[in-house]
J.: 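To start, I am sharing the structure in question, which I have written as structure tokens.
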Amino acid sequence: MKIRTRFAPSPTGFMHVGNLRTALYEYLTAKHEGGDFILRIEDTDQERYVEGATDVIYNTLKTAGLTHDEGPDIGGDFGPYVQSERLSMYKPYAEELVKAGKAYYCFCSKERLEDLKKNAKEGEVVGYDRHCRDLPQSEIDEKLQAGVPYVIRQKSPLTGESTYHDCVYGDITIPNEELDDQVLIKADGFPTYNFANVIDDHTMGITHVVRGSEYLSSTPKYNALYDAFGWEIPTYIHLPLIMGKSVDEEGKEVVSKLSKRHGSTGFFDLVNEGFLPEAIMNYIALLGWCPAGEYENREIFTMDELVKAFDIHGISKSPSVFDYDKLEWVNAEYIKNMDSDTFLKNAKPYFDKLGIGEGSYALLEEILKPRITRFTQIEEKLAFLNNYEAFDLSLFEHKKSKSTLETSKAILGDIIPVLAEGAWDRDAITNALTEYAAAHEYKNALVMWPVRIAAAGVAVTPGGCAEVLLLLGKDESMRRLNEAFKRLG
RNA sequence: GGCCCCAUGGUCAAGCGGCUAAGACGGCGCCCUCUCAAGGCGCAAUCACGAGUUCGAUUCUCGUUGGGGUCACCA
């Protein structure tokens, strides 16, 4: 049978990387076996409606490279794919359950439910007291007739225990008394997430349910629903949570579910910070899953390779901490391996901002590629091109090169005229400097150091002396060299 | 608090009764080198604890501790 998985986000306008990783694993689970990946929008909570939020979902999936086979935007044989458009189908299912004695009408007011909670003993957590579970039929009819608002609740088993199998966690057993009579249809007639989820998954032919491990303990309730309808229970693949590390008020390191306080956790937040979509996906694929066989120890994967390598046996059970350092490294790997066109496409906005012309593109690509871990760093790396301030002359002093204020002054004095007359290409500049060094029996470093400092005005530059001069152009270089020379007295 | 799950270096993690306990990020050192990177080489760093089972436990069982999740007319 063809595998069908689904990604069922609710439109909140924000795509958490945890959700995105779930989507990724759902995609990979299906695609590894040649199955279908379905997108379904779960918008049964009208109170949480956010304008344009579904576009965020489409854009995320598209940018992330997770192409769905069926969904609200492209259709499919199991539509509609938006829950609010399926609204009419849920209640009849719930009523079918009521008729079968597997669910019941509950007329309890919100106030009564709140009182239940309020009256609970200190530290005690109480669920619904099943007040309406065994109401006499006459009373039910009466209330229905009178138009008393109601919800439909699932009749959960009171005793015994439920066991189910999960592909990652193995057999899970829960005492049935832990299962409460959850609401299936809300007072407004809308289904709850739990209920709609089961109905949708079944009617859409979802074979593998992939979701976070927070559903581990409520899964028996879902199963009870499948059983009540006589439907086949899907294969479950629960995923370990993604955690974040932070420091509490006392300065202690604490680990908790990844959230805003750990830094950017939204997909587009990360993208805006300069992380490449491919790198983000690559990184999160490895958070909680480890490749095996021919892919063992591999760190960099294209989406196609992930599809080939993915195997649910490699999914780990323990939660993992989101490591921004490693993400940064993965991102850098992608940059280093980029072809020129892609590199330029990403770098161009920054080049334009700095007023850099086409003539420098190739050289910049060469010197920037190994030096940036994110494209957003370009501005800072090249700041010296447009800024040249009266830098601290002590920059000319460099122990390793044996450069001092004196040697710098002498060498600049000698070399400025030479450079002024020479050609302005990489070889010419390099040769001029090294030949001068050789002629005076100086180490290259002793010559390169002051020239680079004088030209850039900063200690750290991407690329070396010749590259800095080239980027600056002859006029600007000579101007700076002369100015620095003058300042050296 | 009840219930469920988890537990290998700082982090991601391999391991599935016998290994000098992989690999990666990060850290540190060396090399290369005009700075910074990149690259190369190397080093430090892990089986939470306690009982069992076994000839032998990181690996199996139980307990302890620690961490996480969950207990809605939210999804």
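Order of the sequence lines sets the chain letters (A, B, ...), proteins ahead of strands, with each chain counted from 1.
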J.: Would you please indicate if the ring centroids of F267(A) and F275(A) are separated by under 6.0 Å?
T.: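 No, the ring centres sit 6.0 Å or more apart.
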
J.: Quick check on C73(B): is either OP1 or OP2 less than 4.0 Å from any side-chain nitrogen or oxygen of R153(A)?
T.: yes

J.: Could you check which of C36(B), G68(B), C74(B) has an atom nearest any side-chain atom of L241(A)?
T.: G68(B)

J.: C34(B), C25(B), U35(B): which one has an atom nearest the side-chain heavy atoms of K326(A)?
T.: C25(B)

J.: For the side chain of S318(A), counting heavy atoms from C-beta on, which of A37(B), G26(B), A7(B) is nearest?
T.: A7(B)

J.: Could you tell me whether R133(A) sits above the aromatic face of Y105(A), with NZ or CZ closer than 6.0 angstrom to the six-membered ring centre and within 45 degrees of the axis?
T.: no

J.: Measuring only the P atom in each nucleotide, how far is G50(B) from A13(B)? A whole number of Å is fine.
T.: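 It works out to 26 Å between them.
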
J.: Which residue lies toward the 5' end of RNA chain B, L216(A) or Q83(A), if each is placed at its nearest nucleotide?
T.: L216(A)

J.: Going by purine N1 to pyrimidine N3 plus the second Watson-Crick contact, or the G-U wobble pair, all under 3.5 Å, which nucleotide sits opposite C74(B)?
T.: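 Per the H-bond distance test, none.
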
J.: Within 45° of the six-membered ring axis of Y295(A) and under 6.0 Å from that ring's centre, is NZ or CZ of R298(A) located there?
T.: no

J.: Can you tell me how far C1' in C31(B) sits from the matching atom in A21(B), rounded to whole Å?
T.: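 Comparing C1' positions in C31(B) and A21(B) gives a spacing of 30 Å.
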
J.: Compare the minimum distances between each of U35(B), C5(B), C25(B) and the side chain of H398(A), then state the nucleotide with the smallest one.
T.: U35(B)

J.: Hey, does I185(A) have a side-chain heavy atom less than 4.5 Å from the side chain of T192(A)?
T.: no

J.: For A13(B) and S320(A) - does any side-chain N or O of the residue sit under 4.0 Å from the phosphate oxygens OP1/OP2?
T.: yes

J.: In whole angstrom, give me the gap between the C1' atoms of A45(B) and G26(B).
T.: 12 Å

J.: Here's a test of your reading of the structure: between S217(A) and P175(A), which maps to the more 5' nucleotide of RNA chain B?
T.: P175(A)

J.: For A21(B), which nucleotide is its Watson-Crick or G-U wobble mate, given both distances must be under 3.5 Å?
T.: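 Looking at the geometry, A21(B) pairs with no nucleotide.
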
J.: Is the centre of the F375(A) ring less than 6.0 Å from the centre of the F343(A) ring?
T.: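 Yes, the ring of F375(A) comes within the 6.0 Å limit of the ring of F343(A), centre to centre.
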
J.: The side chain of I174(A) is closest to which nucleotide in this list: C73(B), C12(B), C4(B)?
T.: C4(B)

J.: From the list A13(B), A22(B), A24(B), which nucleotide is the closest neighbour of the side chain of W329(A)?
T.: A24(B)

J.: Looking for any heavy atom pair under 4.0 Å, which part of the strands does S403(A) touch: base, sugar-phosphate only, or nothing?
T.: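 It contacts nothing in the nucleic acid.
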
J.: Mind checking if Y215(A) touches a base, just sugar-phosphate, or nothing, with heavy atoms under 4.0 Å?
T.: base

J.: My understanding is that a pair needs two contacts under 3.5 Å, Watson-Crick or G-U wobble. By that rule, which nucleotide pairs with C41(B)?
T.: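 Across all strands, the one nucleotide that pairs with C41(B) is G29(B).
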
J.: Please determine, for the side chain of D180(A), which listed nucleotide (A24(B), C36(B), A72(B)) has the closest atom?
T.: A72(B)

J.: Can you tell me the Watson-Crick or wobble partner of C16(B), both distances under 3.5 angstrom?
T.: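 Paired with C16(B), as far as the under-3.5 Å criterion goes, is no nucleotide at all.
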
J.: Under 4.0 Å between a side-chain N/O of K336(A) and OP1 or OP2 of G39(B), yes or no?
T.: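 Checking K336(A) against G39(B): at least one side-chain N or O falls below 4.0 Å of OP1 or OP2.
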
J.: Side chains of M243(A) and F322(A): does their closest heavy-atom pair fall under 4.5 Å?
T.: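 Side-chain contact under 4.5 Å: no.
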
J.: Checking base pairs now: Watson-Crick or wobble, both atom distances under 3.5 Å. What partners G50(B)?
T.: C62(B)

J.: Answer with base, sugar-phosphate or nothing: what part of the nucleic acid does E214(A) contact at a heavy-atom distance below 4.0 Å?
T.: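 Sugar-phosphate, no base atom in range.
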
J.: Rounded to whole angstroms, how far apart are NE2 on H313(A) and P on A13(B)?
T.: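 Answer to the nearest Å: 18 Å.
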
J.: Choosing from G23(B), C36(B), U33(B), which nucleotide comes nearest the side chain of R371(A)?
T.: C36(B)

J.: C41(B) and G18(B): how far apart are their C1' atoms, nearest whole angstrom?
T.: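 C41(B) and G18(B) have their C1' atoms separated by 33 Å.
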
